[in-house]
Amino acid sequence: MIQIKNLQDCCGCSACAQGCPKQCIQMVQDKEGFLYPQINKNQCIDCGLCEKICPFLNQSTPNQAIKAFAAYNTDSQIRKNSSSGGIFSLFADWIIQQQGVVFGASFNAEWDIVHVYITRLNELQKLQGSKYIQSNIGQSFKEVKSFLDKGKKVLFSGTPCQVSGLKHFLRKEYPNLFTIDFICHGVPSPLIWQLYLNETISKRHKQKSDIKSINFRNKDKGWKDFQFTINAQPYLVKESTKENVYMKAFLSNLILRPSCHSCRIKSGRSGSDITIGDFWKVENVIPEWNDDKGTSAIIINSEKGEELFSSVTCKKKSVETEKIIQYNIAYNESAKKNPSREYFFNHLTSKKSIYKQIEHTFPLKTRIKRTIKNFLSLLAK
């Protein structure tokens with residue numbers, strides 16, 4: 001029987017819940033907004049399967065990268081709408097053309113992040129773009145297995161721990177399964193996201209139904225200076241990551257899942273076929289590609305990954321894997337815990353402004369500078 005004694009020992013992948021033969025494990029949200037397994041001991045038969053398929057209890061060995069590339073989609077619009085170079089869209093497109101199924105993270109009606117699957121090209125936009133919230137995996141692993149058993153090609157994309165969870169859940173290799181993970185900084189709390197979103201729209205006298213789109217990586221000002229936007233025609237929010245309170249909380253590691261501070265699926269341990277990410281500092285490696293439109297970093301981890309990458313047409317250039325890792329330290333290193341994290345969550349309350357609760361975790365000097373800057377900007381108007 002799986003027992004979570006320390007929160008950092010669970011990544012929330014839900015492999016245990018979906019794999020339980022008695023379905024006596026539920027994923028329940030804790031006070032921080034993260035899901036953890038809760039076992040109905042009256043129904044548990046103590047078979048131990050939940051422990052056998054937990055990716056944190058059964059660490060895999062690191063992948064040995066076969067090849068690495070810098071790449072981008074030659075369709076300028078898809079590239080613009082994507083977080084980096086728009087390569088994931090090409091992989092998904094190819095799978096769907098093979099009458100396959102693509103799994104990935106999507107917004108739902110409440111603007112939470114959930115894992116869904118698509119089978120049509122006109123649904124692809126649901127899965128495009130980075131979404132900085134931990135997704136609810138739901139029953140995706142079971143659905144993946146069902147499609148695989150029917151002989152369908154399946155592309156599953158997710159965080160490294162979600163890909164590892166799926167692999168452990170399946171307990172065998174499928175030739176028709178392709179997996180993609182990304183270089184992961186860490187996953188923020190869905191609860192904090194909803195508190196932020198609810199306060200943001202209420203301040204502007206709007207409702208969730210007014211929202212047309214949310215983009216964590218809007219490229220209107222370029223790839224390197226991306227903006228966070230909430231579009232309700234016109235924009236409700238259009239701010240740089242230095243200005244937006246939610247993005248500051250994410251990037252300062254204030255609201256990440258506890259397991260993200262001691263991640264056991266780093267250094268290519270997910271078992272994915274391909275790892276993707278941003279090719280930061282591409283100008284240092286391929287100067288002629290420095291167009292500020294976004295370039296993807298591609299690490300090929302398996303022969304199936306090679307097959308998938310060779311099946312798509314894109315602008316690409318072979319690079320050393322070390323060049324990608326050099327500018328993406330999150331490939332090997334876990335996010336350092338914000339020293340204010342425990343205080344923030346222990347004093348979190350929905351009765352106070354989430355903006356103020358986040359801002360108060362930053363140093364006084366930083367808050368004073370920001371107050372002066374905001375005051376001066378008001379005078380300028």
Side-chain angles (χ1 to χ4, degrees), residues 62-93 127-132 157 159-160 180-186 215-229 238-244 246-248 250-253 266-268 272-301 305-306 308-310 312-336:
N63 285 330
Q64 295 297 318
I66 297 174
K67 295 177 181 177
F69 296 87
Y72 62 82
N73 196 318
T74 55
D75 185 313
S76 59
Q77 192 58 46
I78 292 178
R79 190 182 180 195
K80 184 177 187 298
N81 292 338
S82 301
S83 296
S84 51
I87 298 299
F88 170 76
S89 297
L90 294 174
F91 296 145
D93 189 326
L127 309 185
Q128 286 180 308
S130 299
K131 303 172 182 74
Y132 298 128
S157 63
T159 63
I180 294 178
D181 65 357
F182 53 86
I183 300 172
C184 182
H185 176 81
N215 191 339
F216 290 86
R217 299 277 298 273
N218 180 288
K219 292 182 183 175
D220 286 350
K221 293 181 68 176
W223 173 50
K224 298 172 187 174
D225 189 22
F226 58 84
Q227 296 173 295
F228 171 82
T229 62
K238 192 172 187 180
E239 298 174 329
S240 74
T241 54
K242 295 179 181 178
E243 298 170 325
N244 182 261
Y246 179 82
M247 290 298 291
K248 286 188 293 185
F250 164 53
L251 293 172
S252 67
N253 305 336
K266 291 289 183 182
S267 304
S272 69
D273 297 306
I274 293 177
T275 298
I276 60 176
D278 293 279
F279 206 121
W280 298 122
K281 299 295 182 181
V282 68
E283 63 272 21
N284 293 347
V285 183
I286 315 173
E288 63 271 23
W289 283 22
N290 187 28
D291 59 5
D292 201 24
K293 295 180 180 179
T295 301
S296 296
I298 308 292
I299 300 175
I300 308 296
N301 300 314
E306 278 193 287
L308 183 59
F309 189 60
S310 64
V312 303
T313 301
C314 61
K315 185 75 172 179
K316 61 184 177 182
K317 189 174 182 66
S318 178
V319 298
E320 295 177 358
T321 307
E322 289 72 22
K323 289 295 182 183
I324 293 174
I325 296 173
Q326 179 182 351
Y327 302 116
N328 285 278
I329 61 172
Y331 182 82
N332 287 320
E333 297 181 18
S334 297
K336 294 181 180 178

Exercise. Hey, mind stepping through I180 and L308 against side-chain contact (heavy atoms from CB on, under 4.5 Å) and telling me if it holds?
Worked result: CA-CA 10 Å; I180 294 178; L308 183 59; 4.2 Å; yes

Please find the pair of heavy atoms, one from [X] and one from [Y], that lie closest to each other, and give the distance.
{"X": "G86", "Y": "I78", "result": "O-CG2, 4.2 Å"}
{"X": "P160", "Y": "C184", "result": "CD-CB, 3.7 Å"}
{"X": "G305", "Y": "I300", "result": "C-CG2, 3.7 Å"}
{"X": "A65", "Y": "N301", "result": "CA-OD1, 4.2 Å"}

For this session: Check whether any side-chain heavy atom of K224 sits under 4.5 Å from a side-chain heavy atom of N290, and report yes or no.
Result: yes

Exercise. Would you say S157 and L127 make side-chain contact, with heavy atoms under 4.5 Å?
Worked result: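 In short, these two side chains do not touch, never coming nearer than 4.5 Å.
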
Mind checking the [atom1]-[atom2] spacing from [X] to [Y]? Nearest 0.5 Å is all I need.
{"X": "K281", "Y": "K323", "atom1": "NZ", "atom2": "NZ", "value": "13.0 Å"}
{"X": "E243", "Y": "K248", "atom1": "CD", "atom2": "NZ", "value": "8.5 Å"}
{"X": "F228", "Y": "S240", "atom1": "CZ", "atom2": "OG", "value": "12.0 Å"}
{"X": "I299", "Y": "D273", "atom1": "CD1", "atom2": "CG", "value": "13.5 Å"}
{"X": "T295", "Y": "E283", "atom1": "OG1", "atom2": "CD", "value": "9.0 Å"}
{"X": "K317", "Y": "F279", "atom1": "NZ", "atom2": "CZ", "value": "10.5 Å"}

Under the 3.5 angstrom rule, does the side chain of [X] hit a backbone N or O of [Y] as a donor-acceptor pair?
{"X": "D292", "Y": "W223", "answer": "yes"}
{"X": "N253", "Y": "K336", "answer": "yes"}
{"X": "K131", "Y": "G129", "answer": "yes"}
{"X": "K219", "Y": "S82", "answer": "yes"}

Problem set entry | Partner residues of S130 under the side-chain hydrogen bond (donor to acceptor under 3.5 Å, both in side chains) criterion, sequence neighbours left out | S83

Problem set entry | Ring center gap for Y132 and H185 short of 6.0 angstrom | no

Problem set entry | Residue Q64 excluded, over 12 heavy atoms near CD under 6.0 Å |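 No, CD of Q64 has 12 or fewer neighbouring heavy atoms, counting only those of other groups under 6.0 Å.
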
For this session: Using a cut-off of 6.0 Å, state whether more than 12 heavy atoms not belonging to K316 lie near its atom NZ.
Result: yes

For this session: Tell me, with the steps shown, if F88 and Q128 meet side-chain contact (heavy atoms from CB on, under 4.5 Å).
Result: CA-CA 8 Å; F88 170 76; Q128 286 180 308; 5.6 Å; no

Show the atom names and distances, to 0.1 Å, of all donor-acceptor pairs under 3.5 Å that link a side chain in residues 324-332 to residues at least two apart or in another chain.
residue, atom, partner, partner atom, Å
Y327, OH, N284, ND2, 3.4
N328, ND2, D278, O, 3.0
N328, ND2, I324, O, 3.0
N332, OD1, S267, OG, 2.8

For this session: Could you pull out all residues at least two apart from K266 that satisfy salt bridge (Lys or Arg N to Asp or Glu O under 4.0 Å)?
Result: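 With neighbours one apart ignored, the set is empty.
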
For this session: Check the pair S318 / K67 against side-chain contact (heavy atoms from CB on, under 4.5 Å), numbers first and verdict last.
Result: CA-CA 8 Å; S318 178; K67 295 177 181 177; 5.9 Å; no

Exercise. What residue pairs, at least two apart or across chains, pass ring-ring contact (aromatic ring centres under 6.0 Å, His included) with a residue in residues 62-87?
Worked result: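 Those involving residues 62-87 are F69-F309, Y72-W289.
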
For this session: Scan residues 68-82 for pairs that pass salt bridge (Lys or Arg N to Asp or Glu O under 4.0 Å), counting only residues two or more places apart or in two chains.
Result: R79-D291, K80-D220

Problem set entry | All ring pair (Phe, Tyr, Trp, His ring centres under 6.0 Å) counterparts of F182, not counting sequence neighbours | none

Problem set entry | Qualifying residue for side chain to side chain contact (heavy atoms under 4.5 Å, CB included) with T275, from I183, T321, I298 |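 With T275 as partner, side chain to side chain contact (heavy atoms under 4.5 Å, CB included) holds for just one option, I183.
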
